[in-house]
Amino acid sequence: MSETAQLRINGKTYELPVSVGTEGEQAIDITKLRSETGLITLDNGYGNTGSCRSEITFLNGEKGILRHRGYAIEELAGRSSFLELAYLLIYGELPTRDQRDEFIDDVTRHTLIHENLRHVFQGFPLKSHPMAILSSMVCSLSAFYQDEYNALEPEHVDITIRRLIAKIPTIAAFAYKKSVGQPFVYPDNSLTYTSNLLHMLFSVPCEPYEVDSAQARALDQLLILHADHEQNCSTSTVRLVGSSRANLYAAISAAIAALWGPLHGGANQAVLEMLHDIHRGGGNTDQYVEKAKDKDSGYRLMGFGHRVYKNFDPRATIIKKTCDEVLRKLGRTDPLLDIARKLEETVLGDSYFADRQLYPNVDFYSGILYRALGIPTDMFTVMFAIGRLPGWIAQWREMMTAPDTRIGRPRQIYTGPAARAFVPIDER
Ligand code: CMC
């Protein structure tokens, strides 16, 4: 017999079903709570709220486990490719060779963006943050494909998925080129996904540019590590926006906006800015650690802590290794990396951080690696968005096909004034 939980309130006892996941996690199902008891739950920041059942990603923050569709992130990062993982996340199984090749061909054929969309870039100010451009442009895509965005039509969904994955690097690279005043570089479909991205970012018409395959592979791995992370802020945004049946482009555009914040995807940019600050100030990490421990300062060490990981972030472990390898291969020393190492060492040996289970997260190292690849700081969160796109799509698709999906509409406890009479303006 399945477990139930009992709730005693106002002298009555209610039985609540308990839902169990495949990894043994348990949740009290409160779907009927309000209709049966008149009560709602209050959960600031949703730290105890399961918003859906999902077959896509499992993570255990206490044990530092991250798996997509059952496959460990360590294996995927070492043995898969970003587009193969995208297929796995979205369609549920690793593709056969034919399925993989067809998927890659389809994505490759859609890398161009409509010329009219290209002109939209001209309207943005020169120094626009690329996340502002990315979010706007992805939403603008919906204006170009409005005959094919019916979320309940599988053919429309499949073509939209391919268009999004194909065009997001082009849009990202154009956003960067716009910010540095260089001409847009069109995609080269003879290149792999990440080689093409590097080509569009860094080649210029007046000089030859050869993509470094080791760098393209490191970037591919970075995208893999960001591909999905279950119900985080931006993914929950996709589900919430999508639950109203808004089209997929609009839902992804909203997710990009959510990702932009420094407490979420924007942390990778914030980490680099923090390391720069420490470097400019003479490299004294202790001073920043002390400031972060002082509650009155309101200051936080960027790249440390995670809502879910309370032991270590497995993605950070993989990135740290790749980061070391790439820097060694490039023969580059980076004073910011030295500061990062010193900061990590200080934090890991400090009881303030140990007591609160604050460890370096994925963003702590990804910034250093992006920097080594020559990617400018304000493009870091854009790279995160490219990586997270398959996860957002997979979660949206799962939600749209789930029979029990309803429009997302949380409740609240009202704490404002009780009913009162309107006061005419002369009497206020
Ligand atoms: N530096 C100093 N103190 C911290 C930090 C930090 N980075 N993070 C959390 N704390 C303290 C916080 O002050 C609180 O202390 P106390 O219990 O004494 O009041 C305690 O740790 C718990 O913090 P919280 O804010 O309740 O934790 P949260 O789960 O709500 O926040 C977080 C998680 C990631 C937003 C937070 O750790 C943070 O702001 N980190 C810095 C930003 C960052 O690196 N974000 C990237 C997250 S990983 C990428 C992604 O998936 O988005």
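Each ligand, and each atom within it, is numbered from 1 in the order the structure gives.
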Q) Given the protein's heavy atoms, is any one of them under 4.0 Å from atom 22 (C) of ligand 1? A) no
Q. Which protein heavy atom lies closest to atom 50 (C) of ligand 1, and at what distance to 0.1 Å?
A. His264 ND1, 3.6 Å
(Q) Is it the case that ligand 1 has an N or O less than 3.5 angstrom from some N or O of Tyr299? (A) no
Q: Report yes or no: does a heavy atom of Leu301 sit under 4.0 Å from some atom of ligand 1?
A: yes
**Q.** Residue pairs involving residues 297-310 (criterion side chain to side chain donor-acceptor pair (under 3.5 Å); sequence neighbours excluded)
**A.** His229-Tyr309
Q: Can you pull out the closest protein heavy atom to atom 47 (C) of ligand 1? Residue, atom name and distance to 0.1 Å, please.
A: Asn361 ND2, 3.7 Å
Q.
I'd like to know if Gly45 contacts ligand 1, where contact means a heavy-atom distance under 4.0 Å to any ligand atom.
A. no
**Q.** Geometric class of the Phe202/Tyr176 ring pair [parallel <30°, tilted 30-60°, perpendicular >60°]
**A.** perpendicular
Q) Does the ring-ring contact (aromatic ring centres under 6.0 Å, His included) test come out yes or no for His156 and Tyr149, once each step is laid out? A) CA-CA 5 Å; His156 290 196; Tyr149 62 42; 8.6 Å; no
Q.
Closer than 4.0 angstrom, basic N to acidic O: yes or no for Asp106 and Arg109?
A. yes
Q) For Glu345, does the CD atom have more than 12 heavy-atom neighbours from other residues, nucleotides or ligands under 6.0 Å away? A) no
Q: Give the residue and atom name of whichever protein heavy atom lies nearest to atom 51 (O) of ligand 1, and the separation in Å to one decimal.
A: His306 NE2, 3.6 Å
Q: Among residues two or more places apart or on two chains, list those pairs meeting side chain to side chain donor-acceptor pair (under 3.5 Å) that have a residue in residues 269-279.
A: His129-Gln269, Gln269-Glu273, Asp277-Arg280
Q. Is the CG atom of Asn44 crowded by more than 12 outside heavy atoms at less than 6.0 Å?
A. no
Q. What protein heavy atom sits nearest atom 42 (C) of ligand 1, and how far off is it?
A. Met302 SD, 3.8 Å
Q: For atom 41 (C) of ligand 1, grab the closest protein heavy atom and report residue, atom and distance to one decimal in Å.
A: Phe304 O, 3.5 Å
Q) Of the backbone atoms (N, CA, C, O) and the side-chain heavy atoms from C-beta on, which set of Val271 has a member under 4.0 Å from an atom of ligand 1: side chain, backbone, both, or neither? A) neither
Q | Lys295 to ligand 1, any heavy atom closer than 4.0 Å | A | yes
Q) Is a donor on one side and an acceptor on the other found under 3.5 Å between the side chain of Ser243 and the backbone of Gly408? A) yes
Q: Flag yes if more than 12 heavy atoms outside Glu102 fall under 6.0 Å of its CD atom; otherwise flag no.
A: no
Q. Which residue supplies the protein heavy atom nearest to atom 10 (N) of ligand 1, what is that atom called, and how far is it?
A. Leu358 CD1, 3.6 Å
(Q) Any nitrogen or oxygen of Tyr352 lying under 3.5 Å from a nitrogen or oxygen in ligand 1? Just yes or no. (A) yes
Q: Looking only at protein heavy atoms, identify the closest one to atom 28 (P) of ligand 1 and say how far it is in Å.
A: Arg307 NE, 3.6 Å
Q) Does the protein put a heavy atom less than 4.0 Å from atom 18 (O) of ligand 1? A) yes
Q) Tell me: protein heavy atom nearest atom 38 (C) of ligand 1, and distance? A) Arg300 NH1, 3.3 Å
Q. With a 4.0 Å heavy-atom cut-off (strictly under), which part of Phe364 contacts ligand 1: side chain, backbone, both or neither?
A. neither
Q: Check the angle between the aromatic planes of Tyr87 and Phe103 and answer parallel, tilted or perpendicular using the 30° and 60° thresholds.
A: perpendicular
Q. With a cut-off of 4.0 Å, which atoms of ligand 1 are near a heavy atom of Gly303?
A. 43 (C), 44 (O)
Q: Report the C-alpha distance between Phe82 and Tyr193 in whole Å, list the side-chain angles of each, state the deciding distance to 0.1 Å, and finish with yes or no for ring-ring contact (aromatic ring centres under 6.0 Å, His included).
A: CA-CA 8 Å; Phe82 177 63; Tyr193 192 76; 5.5 Å; yes
Q) Roughly how far, to the nearest 0.5 Å, is OG1 of Thr49 from CG of Asp43? A) 3.5 Å
Q. At a non-hydrogen distance cut-off of under 4.0 Å, which region of Asp363 contacts ligand 1 (side chain, backbone, both, or neither)?
A. side chain
(Q) Check this for me - ligand 1, Val362, N or O atoms closer than 3.5 angstrom, yes or no? (A) no
Q | Test of ring centre spacing under 6.0 Å for Tyr359 and Phe304 | A | no
Q | Flag: protein heavy atom within less than 4.0 Å of atom 30 (O) of ligand 1 | A | yes
Q. Should the ring pair Phe174 and Phe121 be called parallel, tilted or perpendicular, given that the plane angle runs from 0 to 90° and is split at 30 and 60?
A. perpendicular
Q. Near Ala267, which atoms of ligand 1 are under 4.0 Å from a heavy atom of that residue?
A. 43 (C), 44 (O), 45 (N), 46 (C)
Q. What atoms in ligand 1 come closer than 4.0 Å to a heavy atom of Leu263?
A. 39 (O), 45 (N), 46 (C), 47 (C)
